[in-house]
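Everything below concerns the one structure shown next.
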Amino acid sequence: MWSYPRVLAHRGAGVLAPENTLEAMQVGWEHGYRAVEFDVMLSKDGFPVLMHDPFFGRTVAGAGEVCKTLAQDLMKMDAGSWFSPAFAHARVPSYEAVFRFCCEHSIWMNVEIKPAPGHEQETGRVVAEITQRLMQVTRSKAAAPLLSSFSFDALMSAKLAAPGLARAFLMDTITNDWRSCLQQLDAIALHTNQKYLSPILAKKVKEARYGLFCYTVNSPERAREIFNWGVDGFCTDRIDLIPFNFRGDKLF
Ligand code: G3P
Ligand code: MG
């Protein structure tokens with residue numbers, strides 16, 4: 001059900017570095033983290049880069065859209081100054097560069113497919129294909145990445161393109177159709193917002209023999225609580241408060 005690390009650094013290093021950058025991966029690694037979640041989106045020319053928002057303005061300056069900008073231009077953009085001047089050198093990284101960094105540093109990846117609106121199927125397909133190719137060329141001995149997405153269509157495309165790669169469906173709130181979605185996607189896990197999870201829902205997911213993963217858990221107390229509900233893993237923004245080897249006091 002869940003054969004992966006239990007604690008992941010959200011977007012690279014959570015609040016300690018600019019999200020979705022190589023610099024964040026480095027900071028996470030320096031804090032002892034060996035598992036990471038990050039977001040992947042396609043450029044105008046169909047090239048996967050790490051990015052959370054489809055529009056510029058928050059982590060990169062200016063106005064514009066990721067899906068209307070060429071990869072070569074995206075990768076010149078300053079993705080660190082918004083966070084602090086110390087990271088002004090950080091650029092938007094390619095998925096390939098981050099994948100290679102993670103392989104070299106033995107960091108396990110939860111790759112969140114984050115399609116720009118209207119690009120769901122293409123994004124799912126491309127991320128799955130490139131993941132498969134990178135696994136072959138890097139000959140990584142680490143566990144294969146887990147692909148996740150809020151987009152059912154993106155995950156379905158990923159399934160068609162690379163059926164052998166594990167998938168997880170992201171649901172902010174767990175709606176009544178969760179089983180059917182997981183079944184159709186042939187997914188191994190449900191990823192959900194810890195804010196809306198209850199012990200009863202957690203029990204149902206675990207009884208159905210799916211992995212259960214939460215975002216974003218930022219205190220050891222909450223981590224302990226949801227582990228006791230049967231949650232298998234979570235990502236955190238507070239890699240300074242929750243150590244990578246945190247296990248809580250699992251009672252069963
Ligand atoms: O993959 C878990 C979490 O990252 C989902 O939310 O908005 O941070 O990508 P978001
Ligand atoms: Mg994410």
Side-chain angles (χ1 to χ4, degrees), residues 2 4-22 24-25 27-28 33 35-42 48-60 66-67 79 82-83 92-93 95 98-99 102 107-117 119-120 123-124 127-128 131 144-155 158 165-175 178 181-182 185 187-197 202 205 210-219 222-223 226 231-239 242 244:
W2 188 264
Y4 303 119
R6 289 167 67 79
V7 189
L8 280 59
H10 187 222
R11 306 184 191 176
V15 296
L16 297 194
E19 66 186 54
N20 290 321
T21 61
L22 269 172
M25 307 301 146
V27 169
Y33 268 67
V36 70
E37 183 270 358
F38 54 78
D39 308 293
V40 178
M41 194 175 289
L42 296 188
V49 297
L50 265 63
M51 187 68 79
H52 183 278
D53 300 1
F55 295 96
F56 303 154
R58 186 174 64 88
T59 62
V60 293
V66 176
C67 68
W82 70 275
F83 184 86
V92 175
Y95 173 38
V98 172
F99 189 104
C102 289
I107 299 170
W108 179 73
M109 290 167 266
N110 169 202
V111 179
E112 186 189 334
I113 303 168
K114 193 72 110 178
H119 296 263
E120 288 79 7
T123 310
V127 172
T131 301
L146 173 62
L147 304 181
S148 62
S149 190
F150 287 106
S151 166
F152 182 90
D153 291 346
L155 276 182
L165 288 177
R167 291 165 297 283
F169 191 40
L170 270 155
M171 292 183 128
D172 196 42
T173 54
I174 301 177
T175 50
W178 67 271
C181 291
L182 290 176
L185 293 167
I188 60 113
L190 180 63
H191 290 201
T192 195
N193 193 327
Q194 57 86 21
K195 277 191 229 168
Y196 312 121
L197 186 65
V205 175
Y210 286 108
L212 180 58
F213 178 90
C214 284
Y215 63 92
T216 307
V217 177
N218 291 329
S219 77
R222 182 62 170 164
I226 63 166
V231 167
D232 295 296
F234 63 84
C235 60
T236 182
D237 284 327
R238 295 308 303 266
I239 64 171
I242 304 179
F244 175 59

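All heavy atoms count here, side chains included; hydrogens, waters and symmetry mates do not. Order of listing sets the numbers, starting from 1, for every ligand and every atom in it.
In this structure a side-chain-to-backbone donor-acceptor pair under 3.5 Å is missing from Arg167 to Ala158. Of the possible donor and acceptor atoms, one in the side chain of Asn20 sits under 3.5 Å from a partner among the backbone N and O of Asp39.
Here the OG1-CG distance, from Thr173 to Leu197, works out to 11.0 Å after rounding to the nearest 0.5 Å. With rounding to the nearest 0.5 Å, the separation of CG in Leu212 from NE2 in His191 is 8.5 Å. Of the inter-residue distances, the one linking Met51 atom CE with Thr59 atom OG1 reads 5.0 Å to the nearest 0.5 angstrom.
Among protein atoms, those of element N, O or S found less than 2.8 Å away from the Mg ion (ligand 2) are Glu37 OE2, Asp39 OD1, Glu112 OE1.
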Asn110/Ser148 under side chain to side chain donor-acceptor pair (under 3.5 Å): CA gap, chis, key distance, verdict: CA-CA 7 Å; Asn110 169 202; Ser148 62; 3.0 Å; yes

Criterion side-chain contact (heavy atoms from CB on, under 4.5 Å) on Val40 and Leu50, from CA distance to verdict: CA-CA 5 Å; Val40 178; Leu50 265 63; 4.1 Å; yes

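At least one N or O atom of Asp39 sits closer than 3.5 Å to an N or O atom of ligand 1. Looking at Tyr215 next to ligand 1, no N or O pair under 3.5 Å apart turns up. For Ser148, no nitrogen or oxygen atom sits less than 3.5 Å from a nitrogen or oxygen atom of ligand 1, counting backbone and side chain alike.
The ligand atoms of ligand 1 that sit less than 4.0 angstrom from a heavy atom of Lys114 are 7 (O), 9 (O), 10 (P). Below 4.0 Å from some heavy atom of Arg11 lie the following atoms of ligand 1, by number and element: 7 (O), 8 (O), 10 (P).
Of the listed options His10, His52, Glu19, His52 places a heavy atom closest to atom 7 (O) of ligand 1.
If you look at His191 next to ligand 1, there are no close heavy atoms at all, none under 4.0 Å.
Between Trp2 and Phe213, the ring centre distance stays below 6.0 Å.
Nearest protein neighbour of atom 5 (C) of ligand 1, counting heavy atoms only, is Glu112 OE1, 3.3 Å. Protein heavy atom in closest approach to atom 4 (O) of ligand 1: Glu37 OE2, 2.7 Å.
Screening Met25, His10, Arg11 against Phe38 for a side chain to side chain contact (heavy atoms under 4.5 Å, CB included) leaves a single residue, Met25.
The aromatic rings of Trp108 and Tyr4 lie parallel to each other, with less than 30° between the two planes, well short of the 60° mark.
For Phe213, the closest heavy-atom approach to ligand 1 does not fall below 4.0 Å.
Using modelled atom types, one finds a donor on one side chain and an acceptor on the other under 3.5 Å when comparing Tyr215 with Asp172.
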